[in-house]
Amino acid sequence: MTHAPAARRRRGGLTVLLLASFMGILDVLIVNVAAPSIQRDLDAGFSAIQMVISGYVLAYAVMLTTGAQLGDSHGPARVFLLGVLGFTALSAGCAAAPSAAVLIALRLGQGLAAALMLPQVLALIQVLFPKEQRARPLALYGATLGLGAVLGQIIGGALIRADVLGLGWRTVFLVNVPIGLAVAACTPALLPRRRPAERRPLDVPGLLLTAVAMTLLIFPLIQGSAEGWPPWVWPAFAGSALTLVALWFVERRRERAGGSPLIPPSLFGGSGFRTGLAIALIFYSGNYGLFLLLAYVFQDGLHLSPLASGIGFLPLGVGFAAASLLSRRLTDRYGSRVLLIGAAVMVAGYVILIATLAPHPAYSGPVMALLLAPALLVSGAGQGIVSAPLIGVVLATVRREDAGAGSGMVLTANQLASSLGVAVLGALFVALLGADPQEAGAGLDERDFTAALMGCSWLLLALAAAVGLLARRLPHGDRAGASTPGGAGRSAHGSEHGSGN
């Protein structure tokens, strides 16, 4: 009898954590389907819209590992609650933004709040569930990240179509407010208040170097494409590379001195983790880039409404959801080879997409969206097979004592990939179009958009193939470990703790 309340509390706590994760990832992709509407309403350029999307994930990526360290020092539930409240308040601010510049600033703040909120999710799952019960919650967590990305398009389109109180695109930010308030209200009762570990000083040099390196990489990718790649972008890229080298030496010195580096260099000693991290970066870059391209093709190219555009993403979501349910069984049977299977399915989906777009047909928007459905269904299935077990597969390649830092690096790769995917595929898309997608008088029609999407599809195909090639290099022997990150048994950001208050 005493186990039933504890089990219900665990399920309730998991629901709260997954809702927060869903809200955080939803906020990355729900903006994609609203991007054309935001650009028109705020009279913004395409590069400004890219910054609205990428600013959030850049701030999150820069601060994520620091947020994890704060959870260790002050208790993950307390930092989680602070992040949820900040994220909710800033979402309300985004909904009221009067200009693109203000919206970008608020999105940066959202990213910082997400960096407090989301890193605590893995730590609290480890605290809530005994190690023998963690595989299912962790698989649900991986599926939530992917499904939130796909559903963001559909939910965003439905909200814009509903045009509640005439607010238009602003409702895509307001939707976070009731969710965030509900999560905040339930947190004290359902999430364990773990005693903080010994407080360690923040790695300020590591934080600053990481921020500089990522900014010098992402900002030129976004702004440079809008300005025709002016000369200043190349010194910025070089500065990013040099800063990363400096970060490596600073962190190695800190680790050797017995400190707590933001990014432990020893983590990269195993080839399996390096390969797994590269897979995560490539996989998420392609996914996030595809979501942005489809939003513009559906709305500006095929002239679909935001709701119809969201429905156009439905085959992708159906394929993803169905494959996510299947992926646990595949992972139990094939271990890390499940990534190779998913990559092969993604490649098949992009081949179908290219074959569909190759004739550059000038069908009406609804007809063209229907023709694209089979390719999106297959591509979504491949994404689902990869996404749900990816975190577990990667963390199974590291030692148990490195599980916390490893999980932080995988989540950082997820968010960095979002910025890279939007920047690189967005730049390629605009280059193939020859104009801003919403530039008045550019003379763009359906064929231009489908031709640009086909050109980008070759890059998506190459990225999916790269995931498969890299997956072949991962160790395949430990099938159980593939579904239990770090071999389980360890907190996402520290040593194992009990689940009591």
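- T187 and A77 get closest at one heavy-atom pair: CG2-O, 4.2 Å.
- When side chains are defined from C-beta on, L304 counts as touching P366, because their heavy atoms get closer than 4.5 Å.
- Within the 3.5 Å criterion, the main-chain N or O of G168 finds a donor-acceptor partner in the side chain of T171.
- Here the CZ-CG distance, from F291 to L316, works out to 5.0 Å after rounding to the nearest 0.5 Å.
- For the pair R107 (side chain) and V52 (backbone), a donor-acceptor distance under 3.5 Å is present.
- Contact record, V424 with L459: CG1-CD2, 4.3 Å, taken as the closest heavy-atom pair.
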Start with the C-alpha gap between L108 and Y56, add the side-chain angles, then the distance that decides, and say whether side chain to side chain contact (heavy atoms under 4.5 Å, CB included) holds. CA-CA 5 Å; L108 288 169; Y56 169 84; over 6 Å; no
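- Contact record, G24 with L118: CA-CD1, 4.1 Å, taken as the closest heavy-atom pair.
- Taken to the nearest 0.5 Å, the CG atom of L302 stands 7.0 Å off from the CE atom of M368.
- Between Y60 and L112 there is no side-chain heavy-atom pair separated by less than 4.5 Å.
- In this structure, the side chains of L159 and W169 stay at 4.5 Å or more apart for every pair of heavy atoms.
- By the 4.5 Å heavy-atom criterion applied to side chains, L81 and R78 are not counted as neighbours.
- Tested against F173, the residues L90, L106, L103 include a single side chain to side chain contact (heavy atoms under 4.5 Å, CB included) partner, L103.
- When atom types are taken as modelled, the side chain of Q120 and the backbone of G67 share a donor-acceptor pair closer than 3.5 angstrom.
- Residues R9 and L190 approach most closely at NE-O, 3.6 Å, considering heavy atoms.
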Using side chain to side chain contact (heavy atoms under 4.5 Å, CB included), reason through V378 and Y350 one step at a time and then give a plain yes or no. CA-CA 8 Å; V378 176; Y350 294 133; over 6 Å; no
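- In this structure a side-chain-to-backbone donor-acceptor pair under 3.5 Å is present from R170 to A97.
- The two residues A114 and P119 make their nearest non-hydrogen contact at O-CD, 3.5 Å.
- Residues passing the ring-ring contact (aromatic ring centres under 6.0 Å, His included) test with F298 are F313, sequence neighbours excluded.
- Counting heavy atoms from C-beta outward, I125 and L17 have side chains that approach closer than 4.5 Å.
- How far CG of L376 is from CD1 of I352: 10.0 Å, rounded to the nearest 0.5 Å.
- For the residue pair A48 and A44, the shortest heavy atom distance occurs at CB-CB, 4.0 Å.
- Residues M23 and M117 have side chains in contact (heavy-atom distance under 4.5 Å, counting atoms from C-beta outward).
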In sequence, state the C-alpha distance, the side-chain angles, and the governing distance for L425 and L290, and then conclude on side chain to side chain contact (heavy atoms under 4.5 Å, CB included). CA-CA 8 Å; L425 279 158; L290 174 63; 5.8 Å; no
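- Side-chain atoms of Q110 and N176, non-hydrogen and from C-beta on, do get closer than 4.5 Å to each other.
- Going from atom OG of S379 over to atom CZ of F320 covers 12.5 Å, rounded to the nearest 0.5 Å.
- Formation of a donor-acceptor pair under 3.5 Å by the T15 side chain with backbone atoms of R11 is found in this model.
- In this structure, L432 and L428 have side chains that are in contact, with non-hydrogen atoms separated by less than 4.5 Å.
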